[in-house]
Amino acid sequence: MDSVSASSASTDLICSAKGCRAAAVWVLAWNNPKLHTPERRKTWLACEEHREYLSRFLGIRGFLKDVVALDAWQASAPDR
């Protein structure tokens, strides 16, 4: 998932972990510096169970930029 729309209900958004169908509660903002400009942010969604795993996956690669609660991310969407 590349972006999280402010108009999407959080109950409609699911975790990005393979095979997980749980509701997302976290947004993991990341970019691959070899492919993306520094200000560009791609997003993965995570449920509570997979937040740490997905964060670690992105962090080991140096891609993770921010982890934000989904509600806070959606509330700040006009600023993005």
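Both backbone and side-chain heavy atoms feed into the values below; hydrogens, waters and symmetry mates do not.
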Exercise for the section: Describe, in one word, how the ring planes of Trp30 and His36 are oriented to each other, choosing from parallel (under 30°), tilted (30 to 60°) and perpendicular (over 60°). Expected result: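 Taking His36 first and then Trp30, their aromatic rings stand perpendicular (interplane angle over 60°).
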
Decide yes or no for [X] and [Y]: does some side-chain heavy atom of the first lie under 4.5 Å from some side-chain heavy atom of the second?
X	Y	result
Trp44	Leu58	yes
Cys47	Cys20	yes
Leu13	Leu70	yes
Lys42	Phe63	no

Practice task
Not counting sequence neighbours, list each pair that qualifies as a side-chain hydrogen bond (donor to acceptor under 3.5 Å, both in side chains) and has a residue in residues 49-64.
Solution key: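 For residues 49-64: none.
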
Practice task
Say whether, by atom type as modelled, one donor and one acceptor occur between the side chain of Thr43 and the main chain of Val27 under 3.5 angstrom.
Solution key: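 Here the side-chain-to-backbone pair does not exist.
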
Problem - Donor-acceptor contact below 3.5 Å, side chain Asn31 vs main chain Thr37 - result: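 Yes: the side chain of Asn31 pairs with the backbone of Thr37.
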
Handout entry: Atom pair OG/CG of Ser16 and Leu28 - distance to nearest 0.5 Å
Key =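 The OG atom of Ser16 sits 8.0 Å away from the CG atom of Leu28.
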
Handout entry: For the student: nearest non-hydrogen atoms of Leu54 and Ala46, plus distance
Key =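 Result for this residue pair: CD1-CB, 3.9 Å.
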
